[in-house]
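Numbers here are sequence positions counted from 1.
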Amino acid sequence: MLEVVILAAGKGTRMRSSLPKVLHKLAGKPFIEHVLDRSRDLNAEKVHLVVGHGAQEMQAALAGQEVNFIVQSPQLGTGHAVQQVMPHLYEGSRVLILYGDVPLIKTETLKALLKKVTPNSMGLLTVNLDKPQGYGRIVRGSNGNIVSIVEQKDASEEQLEIKEVNTGVMAVGAQHLLKWLPQLSKDNAQGEYYLTDIIALAVASDVQVLSSQASSATEVMGVNNRAQQAMLERLYQQEAAQQLMSSGATLADPARIDCRGSLSTGEDCFIDINCVFEGDVTLGNNVSIGPNCYLKDMVVGDNTEVYANCVLEASQIASNCLIGPFARIRPGTQLEDSAKLGNFVETKKAVVGKGSKVNHLSYVGDAIVGDHVNIGAGAITCNYDGANKHKTHIGDGVFIGSNTALVAPLSLGENVTVAAGSTVTRDVESQQLVVARTRQKNIAGWQRPVKPKND
Ligand code: UD1
Ligand code: CA
């Protein structure tokens with residue numbers, strides 16, 4: 001069985017934040033959750049999370065997750081961190097050690113590393129860096145085998161030249177860890193218990209240390225400050241954009257799209273610049289999203305076009321719809337086929353039926369709008385009386401004149417016509433015309449007031 005140990009007790013001083021480092025976000029999700037996702041991909045039996053600084057906040061933030069929190073206090077090094085997990089490990093397990101602040105690590109890389117673990121061998125993930133400063137160096141013997149890791153601060157001039165470094169990620173049988181960890185000493189430049197010292201102990205006990213290479217330097221990069229966070233964010237987004245394009249979407253500019261969640265696109269979708277996608281967004285075939293749109297938890301049907309500057313959230317849009325520019329679709333909206341929402345229209349908990357049009361400047365909330373309804377400019381559903389929300393039902397074929405207030409609870413039958421400027425407070429039966437406004441008076445010979453002359 002596989003047990004994952006995630007180290008996340010460090011303070012993260014350089015983030016200059018009151019929030020524990022691993023709760024800072026990449027692509028809208030805390031670093032630590034990216035790492036937990038990888039543990040899930042690998043079907044880990046157990047995940048042990050070593051926390052220290054901000055332990056309580058971490059436990060609160062991850063309350064819903066199946067994680068065994070282990071508090072390390074004080075923090076005496078990476079070896080000491082893993083020592084805290086020892087009583088929780090099952091002797092027959094393979095143990096994968098990850099860092100909570102390395103969010104881009106790939107499942108495939110970890111799978112390859114885990115293959116190196118046998119009763120007589122362990123796996124160490126290394127990477128070659130042009131500038132290895134700060135990292136532990138991989139020391140190999142004359143036959144090329146790994147013999148130890150030496151930390152930057154303990155390294156000789158010669159060892160500092162080594163370009164192959166320790167990523168910190170390793171995989172090893174629990175039986176070995178349980179034997180080696182108690183042997184660590186803090187007799188080194190930093191006075192810490194180094195996890196990396198188990199490499200020399202492995203060699204001494206004839207357990208071969210097999211290296212596996214990270215696919216790129218970026219996948220094993222840790223975040224220590226906001227600049228690195230921003231850099232990893234861009235790398236993540238570049239990759240997300242590449243994936244969208246390889247699955248057939250056209251991006252006006254792959255550098256100007258952000259996916260903070262999962263975005264799936266059908267065939268021939270087009271996404272213009274500066275769009276942000278959050279949560280789960282599904283676009284059907286041939287969907288077009290204009291510039292500067294924000295979509296969160298949305299399902300959008302085939303051939304629908306969303307014009308510039310729209311905000312769409314937690315709603316469903318069917319096929320052949322036209323939306324925006326400047327439309328706001330709030331949670332619980334359902335647009336049926338060929339519906340149209342124009343500029344400065346807001347909807348919330350509303351069904352808009354097939355072929356219905358809400359073209360400009362309207363609010364439709366807590367409403368069920370039938371098919372082929374036309375709602376004129378500036379019409380609103382008055383759904384709130386200050387204490388309660390009420391529903392508006394609008395039948396098929398209704399025509400609502402401009403600047404109408406529909407005071408809910410209200411029901412308009414099929415093919416009702418509402419005169420412009422009406423304030424409708426009582427139900428209207430099918431086919432009726434409702435005029436609910438004061439009658440126009442024209443006053444002849446009217447004299448406008450005249451401004452006094454100052455001379
Ligand atoms: C460590 C490695 C180094 C490697 C580098 C890769 C050791 C001794 N050195 O160095 O070989 O090249 O990572 O980034 O292992 N942590 C705890 N408890 C502690 C100390 C650290 O949980 O007492 C956690 C940190 O939160 C962090 C991770 O362990 O997630 C690594 O700690 P860090 O201090 O960054 O290690 P480095 O000195 O960079
Ligand atoms: Ca580090």
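- By the 4.5 Å heavy-atom criterion applied to side chains, M298 and T282 are not counted as neighbours.
- E3 and Y90 get closest at one heavy-atom pair: OE2-N, 2.9 Å.
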N/O donor to acceptor pairs below 3.5 angstrom from side-chain atoms of residues 124-135, sequence neighbours left out:
from, atom 1, to, atom 2, distance (Å)
T126, OG1, E164, OE2, 2.7
T126, OG1, Q213, NE2, 2.7

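- Across all their heavy atoms, V369 and S356 have their closest contact at CG1-OG, 4.3 Å.
- Ring geometry for Y236 against H34 counts as perpendicular: the plane angle is over 60°, on a 0 to 90° scale with 30° as the lower cut.
- A donor-acceptor contact shorter than 3.5 Å is absent between the side chain of S17 and the backbone of M15.
- In this structure the side chain of L62 reaches within 4.5 angstrom of the side chain of E33, judged on heavy atoms.
- Side-chain contact check for L263 versus L283: some heavy-atom pair is nearer than 4.5 Å.
- Under the 4.5 Å side-chain criterion, counting only non-hydrogen atoms from C-beta, C310 is not in contact with R328.
- Counting heavy-atom neighbours within 6.0 Å of K357 NZ, excluding the residue itself, gives a total of 12 or less.
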Going through the distances and angles, do V4 and K46 end up as a side chain to side chain contact (heavy atoms under 4.5 Å, CB included)? CA-CA 6 Å; V4 171; K46 271 189 173 177; over 6 Å; no

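- Here the side chains of L2 and E45 are not in contact, with every heavy-atom distance at 4.5 Å or above.
- No donor-acceptor distance shorter than 3.5 angstrom exists from the side chain of S247 to the backbone of S264, with no hydrogens or angles considered.
- Atom NE2 in H53 sits 8.0 Å away from atom OG in S73 (nearest 0.5 Å).
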Is there a side chain to side chain contact (heavy atoms under 4.5 Å, CB included) between R94 and M1? Walk through the geometry before answering. CA-CA 6 Å; R94 288 177 305 162; M1 94 178 188; over 6 Å; no

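- Here L235 contributes atom CG and L104 contributes atom CG; the two are 6.5 Å apart, rounded to the nearest 0.5 Å.
- In summary, D396 and K354 do not engage in a salt bridge, as defined by a charged side-chain N under 4.0 Å from a carboxylate O.
- Within 6.0 Å of the NZ atom in K391, the count of heavy atoms belonging to other residues, nucleotides or ligands exceeds 12.
- Within a 6.0 Å sphere centred on NZ of K153, heavy atoms belonging to other residues, nucleotides or ligands number 12 at most.
- We find that R260 and E278 are joined by a salt bridge, their nearest charged nitrogen and carboxylate oxygen being less than 4.0 Å apart.
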In sequence, state the C-alpha distance, the side-chain angles, and the governing distance for E219 and T109, and then conclude on side-chain hydrogen bond (donor to acceptor under 3.5 Å, both in side chains). CA-CA 9 Å; E219 107 171 90; T109 303; 2.8 Å; yes

Working for side-chain hydrogen bond (donor to acceptor under 3.5 Å, both in side chains), residues E233 and Q237: CA-CA 6 Å; E233 177 77 31; Q237 296 301 348; 2.9 Å; yes

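- Q84 and H48 form no side-chain donor-acceptor contact under 3.5 Å, judged by distance and modelled atom types alone.
- Note that CZ of F69 and CD1 of I6 are 10.0 Å apart. Values are rounded to the nearest 0.5 Å.
- Residues L160 and Q152 are in side-chain contact: their nearest non-hydrogen atoms beyond the backbone lie under 4.5 Å apart.
- Between the side chain of N188 and the backbone N or O of E192, at least one donor-acceptor pair lies under 3.5 Å.
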Quick one: do H80 and Q72 satisfy side-chain hydrogen bond (donor to acceptor under 3.5 Å, both in side chains)? Show the steps, please. CA-CA 8 Å; H80 180 252; Q72 181 201 15; 2.8 Å; yes

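- In this structure the side chain of I199 never reaches within 4.5 angstrom of the side chain of V139, judged on heavy atoms.
- In this structure, a donor-acceptor pair under 3.5 Å is absent between the side chains of S319 and D302.
- Under the 4.0 Å criterion applied to side-chain N and carboxylate O atoms, K106 and E239 are assigned as salt-bridge partners.
- In this structure, the side chain of D154 engages the main chain of A189 through a donor-acceptor pair within 3.5 Å.
- A side chain to side chain contact (heavy atoms under 4.5 Å, CB included) with I198 is found for one member of L181, V209, I97 and no other, namely L181.
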Step by step, would you call T381 with T392 a side-chain hydrogen bond (donor to acceptor under 3.5 Å, both in side chains)? CA-CA 7 Å; T381 53; T392 302; 5.1 Å; no

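- Environment of CD in E57: crowded, with over 12 heavy atoms of neighbouring residues, nucleotides or ligands closer than 6.0 Å.
- A donor-acceptor pair under 3.5 Å is formed between the side chain of T167 and the backbone N or O of V169.
- The two atoms that bring V345 and N359 nearest to each other are CG2-C, 4.1 Å, heavy atoms only.
- Atom CD of Q190 has more than 12 heavy atoms from other residues, nucleotides or ligands within 6.0 Å.
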Salt bridge (charged side-chain N to carboxylate O under 4.0 Å, His left out), that's the test. Do K29 and D37 meet it? Break it down for me. CA-CA 11 Å; K29 194 159 71 171; D37 285 348; 2.4 Å; yes

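- The main-chain N or O of A318 is found under 3.5 Å from a side-chain atom of T304 such that the two form a donor-acceptor pair.
- Heavy-atom neighbours of K186 NZ from other residues, nucleotides or ligands within 6.0 Å: at or below the threshold of 12.
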Show me, pair by pair, the donor-acceptor contacts under 3.5 angstrom made by side chains of residues 141-150, not counting sequence neighbours?
from, atom 1, to, atom 2, distance (Å)
N143, OD1, N145, N, 3.1

Starting from the C-alpha separation in whole Å, work towards a yes-or-no answer on side chain to side chain contact (heavy atoms under 4.5 Å, CB included) for Y99 and I32. CA-CA 9 Å; Y99 288 176; I32 186 65; over 6 Å; no

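- Residues H390 and D385 bring a donor and an acceptor atom of their side chains to less than 3.5 Å of each other.
- Within 6.0 Å of the NZ atom in K179, the count of heavy atoms belonging to other residues, nucleotides or ligands exceeds 12.
- For the pair E151/Y194, a side-chain contact is recorded, criterion being any heavy-atom separation below 4.5 Å from C-beta on.
- Within 6.0 Å of the CD atom in Q183, the count of heavy atoms belonging to other residues, nucleotides or ligands exceeds 12.
- For the atom pair OG of S156 and CD1 of I162, the computed distance is 7.5 Å after rounding to the nearest 0.5 Å.
- Minimum heavy-atom separation, A327 to L341: CB-O, 4.5 Å.
- In this structure, CG on D101 lies 6.5 Å from CG on N224, to the nearest 0.5 angstrom.
- For the pair C293 and N309, the tightest heavy-atom approach, listed with the atom from each and the gap, is SG-N, 3.8 Å.
- The pair D280-K296 does not count as a salt bridge, with every side-chain nitrogen at least 4.0 angstrom from each carboxylate oxygen.
- In this structure, the separation between CD1 on I271 and CD1 on I273 is 13.0 Å, given to the nearest 0.5 Å.
- At distances below 3.5 Å, at least one donor-acceptor pair connects side-chain atoms of S315 with backbone N or O atoms of R330.
- Checked by atom type, the side-chain pair N303/N286 shows a donor-acceptor distance below 3.5 Å.
- Listed here is the closest heavy atom pair of L195 and T78: N-OG1, 3.1 Å.
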